[in-house]
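This report concerns only the one structure given below.
If you're wondering where the values come from, they're calculated on a predicted model, not measured in any experiment.
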Amino acid sequence: MKIKSTIIPLAGAIALAFAGAAFSQEVIKIAHVGPLSGPNAHMGKDNENGARMAIDELNAKGFTIGGKKVTFELVGEDDASDPKQATAVATKLVDAKVAAVIGHLNSGTTIPASKIYSDAGIPQVSPSATNPKYTQQGFKTAFRVVANDAQLGAVLGKYAVASLKGKKIAVIDDRTAYGQGVADEFAKGAKGAGATIVATQYTNDKATDFNAILTSIKSKKPEVVFFGGMDAVGGPMLRQMKQLGISAKFMGGDGICTGSLPGLAGDGLIDDQVVCAEAGGVDDAGKKGMDDFRAAYKKKFGIDVVYNAAYAYDATMTVADAMSKAKSAEPAKYLPFLAKITHKGVTGTIAFDAKGDIKNGSLTLYTYKKGERTLLTVVK
């Protein structure tokens, strides 16, 4: 009897150990990385919220892979929009054996981190990094669900000349990979459409005083000022433009094209002065789906969508769809399915070209009226 009583607990312990191992295998870690501290934290949290919405929905409906119910776990990390912190976080996530990474937000963090994910074979889908270099490195693990700066800058450059009648244009960028990249592409597009770049100035992504560069720009009498950077810098810049009496149109990419810009710009935001482009957007057929997403987001988090939450949501859902099709959450097994995916998302159909760029990416042009972002047009 003593022998049996010893064996039974041991067998039970082994069974429990196997049961625990089996349970742990059903938990799939998907990471989101973006700035959760610093001036861009509101954008990073917005993207993380979008990914969290997707994770919660997948878990609520009992998502299965290969006929087995799985549980997704969102691993949120802060890169503070800093390239060094981004690579440290990427290494941490590789060690944690995450199955996928949604992020990063900034091009300047996405690009250096992408090498680490590529070496580990972990798929990375950015919902907002737009610098073309990200997908030009030849990494099979790198994808994005928004249009890139070459598309965005070219469209804005042409619009500045054709619609805003800008012949003399000043360009400012914050020297980040994103800011410099989108400003360079805008300048190419504007010059190609017949404009002259009368001033080129630089700042940084933490600056608050722009009087010197704006005073220099004012003397050139531009009809358009383009800023390559984020809303945390663009807002105060608009305030100081008003103080200096610069009435030029103010243009920028998706970094300034946010719901937070009015609060950051205050009385510097004049109706119809700002024209910006979001790397994404839906046509009339997709408007209801996007409206429903925004309503669900506000109900869940108590705030409006700030930035690219819908794209983070779609990126997460696309990864889950690829896992389902591959019948596996192992990166090496589902990666080929992700590369060839056709996923119907909130933001449109997600499908990637050979580099990992989204096919037929949309761009949405906005202005601001009475402190509200107002749609101008959606283009491809």
Side-chain angles (χ1 to χ4, degrees), residues 16-34 36 44-45 47-79 86 89-105 110 113-114 116-128 139-145 296 300 308-346 350 352 356:
L16 285 171
F18 274 108
F23 177 77
S24 67
Q25 290 172 356
E26 295 174 353
V27 177
I28 301 167
K29 294 180 180 180
I30 294 182
H32 171 272
V33 191
L36 301 178
K45 190 61 179 178
N47 275 9
E48 184 183 85
N49 284 346
R52 189 172 301 283
M53 276 186 72
I55 293 293
D56 288 351
E57 285 183 24
L58 290 166
N59 287 337
K61 72 179 184 180
F63 194 79
T64 61
I65 296 176
K68 294 181 179 179
K69 184 178 177 181
V70 299
T71 299
F72 289 101
E73 176 188 341
L74 184 67
V75 181
E77 292 288 348
D78 176 20
D79 65 17
V89 166
T91 300
K92 177 182 176 181
L93 291 174
V94 169
D95 291 343
K97 292 181 170 53
V98 299
V101 175
I102 309 302
H104 299 208
L105 184 144
T110 301
S114 64
I116 296 169
Y117 301 132
S118 175
D119 288 347
I122 297 173
Q124 174 191 11
V125 186
S126 175
S128 49
F139 299 153
K140 299 299 184 183
T141 51
F143 304 89
R144 72 171 123 225
V145 293
K300 185 175 181 68
N308 275 18
Y311 297 91
Y313 174 92
D314 274 357
T316 308
M317 287 296 196
T318 301
V319 165
D321 192 4
M323 291 176 177
S324 176
K325 287 179 166 59
K327 298 180 181 179
S328 174
E330 291 182 32
K333 292 183 179 178
Y334 84 81
L335 179 59
F337 289 83
L338 180 61
K340 296 178 180 178
I341 201 82
T342 299
H343 174 79
K344 178 61 177 175
V346 171
I350 310 297
F352 304 108

Legend entry - Interatomic distance, Asn308 atom CG to Asn47 atom CG [nearest 0.5 angstrom]: 5.5 Å
Inset, instruction - Supply the atom-to-atom distance Lys29 NZ to Leu74 CG, rounded to the nearest 0.5 angstrom. - result: 12.0 Å
Legend entry - Distance (rounded to the nearest 0.5 Å) between His32 NE2 and Leu105 CG: 6.5 Å
Legend entry - Pairing residues for Lys92 by the salt bridge (charged side-chain N to carboxylate O under 4.0 Å, His left out) criterion, not counting sequence neighbours: Glu77
Legend entry - Approximate separation, where rounding is to 0.5 Å, of Lys61 NZ and Lys69 NZ: 12.5 Å
Legend entry - Shortest non-hydrogen separation from Gly121 to Pro123 and the atoms involved: O-CD, 3.5 Å
Legend entry - 4.5 Å side-chain heavy-atom contact, Thr64 and Val70: no
Legend entry - Minimal non-hydrogen separation, Ala99 against Pro331, with atom names: O-CG, 3.7 Å
Legend entry - Residues forming a side chain to side chain contact (heavy atoms under 4.5 Å, CB included) with Ser324, sequence neighbours excluded: Phe63
Legend entry - Positive for side chain to side chain contact (heavy atoms under 4.5 Å, CB included) with Tyr311, one of Val145, Ile350, Val346: Val145
Legend entry - Where at least one partner belongs to residues 316-341, residue pairs that pass ring-ring contact (aromatic ring centres under 6.0 Å, His included), sequence neighbours excluded: none
Can you give each donor-acceptor pair under 3.5 Å made by side-chain atoms of residues 51-60, sequence neighbours left out, with the distance rounded to 0.1 Å?
from  : atom 1 : to     : atom 2 : distance (Å)
Asp56 : OD2    : Lys300 : NZ     : 2.8
Glu57 : OE1    : Tyr313 : OH     : 2.7
Asn59 : OD1    : Phe72  : N      : 2.8
Asn59 : ND2    : Ile55  : O      : 3.4
Asn59 : ND2    : Phe72  : O      : 2.9

Inset, instruction - Please name all residues satisfying side-chain hydrogen bond (donor to acceptor under 3.5 Å, both in side chains) with His104, sequence neighbours left out, ordered by chain then number. - result: Asp79, Tyr117
Legend entry - Considering all heavy atoms, the nearest Thr318-Asp314 contact: OG1-O, 2.7 Å
Inset, instruction - Start with the C-alpha distance between Ile122 and Val98, add both sets of side-chain angles, then the distance that settles side-chain contact (heavy atoms from CB on, under 4.5 Å), and finish with yes or no. - result: CA-CA 8 Å; Ile122 297 173; Val98 299; 4.3 Å; yes
Inset, instruction - Compare all side-chain heavy atoms of Leu335 with those of Thr141 and state whether any distance is below 4.5 angstrom. - result: yes
Inset, instruction - Determine which pairs satisfy salt bridge (charged side-chain N to carboxylate O under 4.0 Å, His left out) with at least one residue from residues 317-335, sequence neighbours left out, and list them in order. - result: Asp321-Lys325, Glu330-Lys333
Inset, instruction - Kindly compute the distance separating CD1 (Ile30) from CD (Glu73), expressed to the nearest 0.5 Å. - result: 10.5 Å
Inset, instruction - Report yes if the side chains of Ile65 and Ile28 come closer than 4.5 Å at any heavy-atom pair, otherwise no. - result: yes
Legend entry - Residue pair Ala113 / Ala86: nearest heavy atoms and the distance that separates them: CB-O, 4.2 Å
Inset, instruction - Measure the shortest side-chain to side-chain distance between Val319 and Ile102 over non-hydrogen atoms and say whether it is less than 4.5 angstrom. - result: yes
Legend entry - N/O donor-acceptor pair under 3.5 Å between Thr316 side chain and Ala312 backbone: yes
Legend entry - Polar side-chain atom of Gln124 near backbone of Phe143 as donor-acceptor pair, under 3.5 Å: no
Inset, instruction - Evaluate the criterion side-chain contact (heavy atoms from CB on, under 4.5 Å) for residue pair Val94 and Asp119; output intermediate values, then yes/no. - result: CA-CA 10 Å; Val94 169; Asp119 288 347; over 6 Å; no
